[in-house]
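One structure is given below, encoded as structure tokens.
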Amino acid sequence: MTPEQLRDVVRTAVAAAVDRGALSVEVPGEVVVERPKNPEHGDYATNVALRLAKPAGLPPREVAERIAEELRAHPGIASVDIAGPGFLNITLAQGALGRIAVQAVTAGEGYGHTAVLAGQKLNLEFVSANPTGPVHIGGTRWAAVGDALARLLETSGAEVTREYYLNDAGAQIDRFARSLLAVAHGREVPADGYAGSYIGEIAAQVLAAEPGLLDRPEDEQLQVFRKRGVELMVAEIRSSLAAFGVHFDVFFSETTLHQSGALEKAVARLREQGHVYEADGAVWLRTTDFGDDKDRVLVKADGEPTYFAADCAYYLDKRARGFDRVVIMLGADHSGYVGRYKALVAAAGDDPDEHLEILIGQLVNLLRNGEPVRMSKRAGTVVLLDDLVEAIGVDAARYALARASVDQQIDIDIDLWTRRTNDNPVFYVQYAHARISSVLRNAADLGLALGEAADVDASLLTHERENDLLRAIGEFPRVISSAAELRAPHRVARYLEELAGTYHRFYDACRVLPRGDEEATPLTTARLWLCAATAVVLRNGLGVLGVSAPERM
RNA sequence: GCGCCCGUAGCUCAGCGGAUAGAGCAGGUGCCUUCUAAGCACUUGGUCGCAGGUUCGAGUCCUGCCGGGCGCGCCA
């Protein structure tokens, strides 16, 4: 019996107690069944009696007793104890717990998939690093976390579009183009330009693709460097992300918004809603009506639209494409945008709490020799996605970035990571998978197969370490769904570390395969299923994080 | 000054209002003629920044302080 099934059993028990007049309460739609930390508190515990005590007008322990009477009648439940203030501690019948292993193996890749977010169509925008340079380590964090979140949401039944907003218009692209032009002519880059070594490489590639370019008028050259340069930069960004295992469904060009007249339409729509005014020669959006600190300029006095105007158009474009919810991941250095963004959604007539979700993640600090590394794109002193991958590999990089809460700043000590010590928990988790794979290979060599699900006697799994493992495996679907709902992929990583530890302890205490000339027993088969189930969960969980599950290490 | 994030073991960090606050690393002691020792067992280590409040119950929610990070342009 899975925790989800038990939850229904508990709810049904409450309903039964109400039916026979033992309780006069409204049956709750959801009841909480959780795994107690203390094994003496049974396989599962529920606080439903504590919740119902007040509405029932009875002491919590009395409510618990009346529910317990119903639960004890269930064949899958061995015992129910009332503990503490009124918790119901439930121990499952022998075999009911063991079936979890069979269910996990049978479900395979589908184990952990739920429908809790079914029917939601959402747009997840992340990374969106400017195409004026390679993806640096900050963007890499959002690549790892954003992609994991996308997989998590999909696993929970949502329809997700991964989107990357390309800021390929505006002054910074001008600076980028002028930097390319300067380098191509052997001149110093402008003071406000970009100076990384990649600028020279991109410039050379542009010249290779456009022979004779330097003989044309300089303003024409600038246009070519701008167009070709951005194309090449975007190609490099996509290639880095692809090597990192991150693929976007849509690369959305800001320029297309300018060219299609979407900005003017957006301003017009906001004007119709009555939130636009003119002052000091500029066009403003009255975002203060919706909680922003100050009003924002849409069109500058010189007639140029602001970046914010493009944001408005972009948001409206996403909504027009049919997304129920627009999710944007931003770094903490952009946290000031939340107010104006929420306000623009409200000004457009949408609900800022329902249609827009902005996830702010804290920044990644780099330490070298224990000292923070100052990062500057201009000076070229940045650590790039490619550098991180080269130093520690995709698996370790993705795992390390995804295992911390996004609310937490990460300090990455470059020397530590480049040293390749086993401080990285990803090895611990992957090792558990490799170990299981080895056991299953050895079993196959001995001619032992899992066989049919119906033939497994799961009630033989009675060892405490086996029960621990079964309970952990049973948690997986809810770990996935709650991590998806909370937008917290790091929970999956933490869970996998626990699961790996639980498996290692099982492995240490419980021999799976027969030794020497011993015969395989039904317990051997049951334990093989337990191993296979653990491997399924490790694979699926690592898959959510975009980390490989090696069969050998 | 205002807004957001953080403050939990020596270090890095988990902990969606539940029971005795956890993991890894670091320190100590043991376990490989037996399925992968990148492992396991035992052990050392805590005023959950401080002070109030909410309630059956607070590391978790609210308020105020203290300390650290980030942000507050007709830049992008």
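- Across B:U63 and B:C2, the matching P atoms stand 14 Å from one another, rounded to whole Å.
- With the nearest nucleotide of RNA chain B identified for both A:V439 and A:R340, A:V439 has the one nearer the 5' end.
- Only the C1' atoms considered, B:C65 is 34 Å distant from B:C25, to the nearest whole Å.
- At the heavy-atom level, A:N89 lies under 4.0 Å from base atoms of the strands shown.
- Side-chain N/O atoms of A:K300 include one lying less than 4.0 angstrom from OP1 or OP2 on B:C75.
- Side-chain atoms of A:N47 come within donor-acceptor range of the base of B:G18, with a qualifying N/O pair under 3.5 Å.
- Among the atoms of the strands shown, none is found under 4.0 Å from any heavy atom of A:D302.
- In this model, the phosphate group of B:C40 is approached by a side-chain N or O of A:Y428 to a distance below 4.0 Å at OP1 or OP2.
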| query | What's the verdict on side chain to side chain contact (heavy atoms under 4.5 Å, CB included) for A:I67 and A:L23, showing C-alpha distance, side-chain angles and the deciding distance? | reply | CA-CA 9 Å; A:I67 297 169; A:L23 292 174; 3.9 Å; yes

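- Side-chain N/O atoms of A:S335 include none lying less than 4.0 angstrom from OP1 or OP2 on B:G71.
- Looking at heavy-atom distances under 4.0 Å, A:A83 makes contact with a base.
- Between A:N167 atom CG and B:C75 atom C1' the separation is 12 Å, expressed in whole Å.
- Out of B:C70, B:U36, B:C40, the shortest distance to the side chain of A:H504 is found at B:C40.
- With hydrogens and angles disregarded, no donor-acceptor distance shorter than 3.5 Å links the side chain of A:Y314 to the backbone of A:E254.
- Backbone-only engagement by A:A169 is indicated by non-hydrogen atom pairs under 4.0 Å involving sugar-phosphate atoms exclusively.
- Straight-line distance between the C1' atoms of B:C66 and B:G10: roughly 23 Å, to the nearest whole Å.
- Between the P atoms of B:A38 and B:U47, the separation comes to 36 Å (whole Å).
- Counted by atom type alone, A:T91 and A:D43 present zero donor-acceptor pairs between their side chains at under 3.5 Å.
- A:Y307 does not qualify as a stacking partner of the B:C75 base, lacking a centre-to-centre distance under 5.5 Å together with planes within 30°.
- Of the N and O atoms on the side chains of A:Q172 and A:Y307, not one donor lies less than 3.5 Å from an acceptor on the other residue.
- Note on A:E62 versus A:R66: salt bridge recorded, some NZ/NE/NH1/NH2 to OD/OE distance being below 4.0 Å.
- For the C1' atoms, the distance linking B:G57 with B:G1 amounts to 39 Å, nearest Å.
- Base engagement by A:R511 is indicated by at least one non-hydrogen atom pair under 4.0 Å involving a base atom.
- Salt-bridge check for A:D395 with A:R398: failed, with every basic side-chain N at 4.0 Å or more from each acidic carboxylate O.
- Side-chain atoms of A:Y431 lie closest to B:A38 of the nucleotides B:A38, B:C70, B:G18.
- The side chain of A:R435 lies closest to B:A37, out of B:A38, B:A37, B:A19.
- In terms of phosphate contacts, A:K342 brings no side-chain nitrogen or oxygen within less than 4.0 Å of OP1 or OP2 of B:G3.
- Regarding contacts with the backbone of B:C56, a side-chain N or O of A:K54 is found under 4.0 angstrom from either OP1 or OP2.
- B:A58 and B:U8 have their C1' atoms separated by 14 Å, with the value rounded to a whole Å.
- On the C1' atoms, B:A21 is 11 Å away from B:A9, given to the nearest whole Å.
- Side chain of A:Y164 to backbone of A:A129: a donor-acceptor contact under 3.5 angstrom is found.
- Rounded to whole Å, the distance from CZ on A:R141 to C1' on B:C70 is 13 Å.
- The CZ atom of A:R552 sits 17 Å away from the C1' atom of B:A38 (whole-angstrom rounding).
- Using a 4.0 Å cut-off between a side-chain N of Lys or Arg and a carboxylate O of Asp or Glu, A:R35 and A:E498 qualify as a salt bridge.
- At a threshold of 4.0 angstrom between heavy atoms, the contacts of A:E551 include nucleobase atoms, whether or not backbone atoms are also involved.
- A:R505 and A:E464 are not joined by a salt bridge, as no carboxylate oxygen comes within less than 4.0 angstrom of a charged side-chain nitrogen.
- The A:R51 side chain lies nearest to B:G17 when the options are B:C5, B:A19, B:G17.
- B:G67 and B:C6 make up a base pair, with Watson-Crick or G-U wobble contacts both under 3.5 Å.
- The separation between A:E278 atom CD and B:C74 atom P is 16 Å, rounded to whole Å.
- In this structure, A:L363 places its CG atom 8 Å from P of B:G71, rounding to the nearest Å.
- The glycosidic torsion of B:C56 lies more than 90° away from 0, which places this base in the anti conformation.
- When the C1' atom of B:A19 is taken as reference, atom CZ of A:R61 falls 12 Å away, rounded to whole Å.
- Under the 4.0 Å criterion applied to side-chain N and carboxylate O atoms, A:R296 and A:D292 are assigned as salt-bridge partners.
- Base pairing analysis places B:A41 opposite B:U29; the two distances defining the Watson-Crick or G-U wobble pair are each below 3.5 Å.
- Rounded to a whole Å, the CG atom of A:L513 is 5 Å from the C1' atom of B:C35.
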| query | For nucleotides 8-16 of chain B, read 5' to 3', which letter fits each nucleotide if B means a protein heavy atom sits under 4.0 Å from the base, S means only the sugar-phosphate is that close, and - means neither? | reply | -----SSSB

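- B:G45 sits 15 Å from B:G24 when the C1' atoms are compared, rounded to a whole Å.
- One can place CZ of A:R35 at 14 Å from P of B:A19, the figure rounded to the nearest angstrom.
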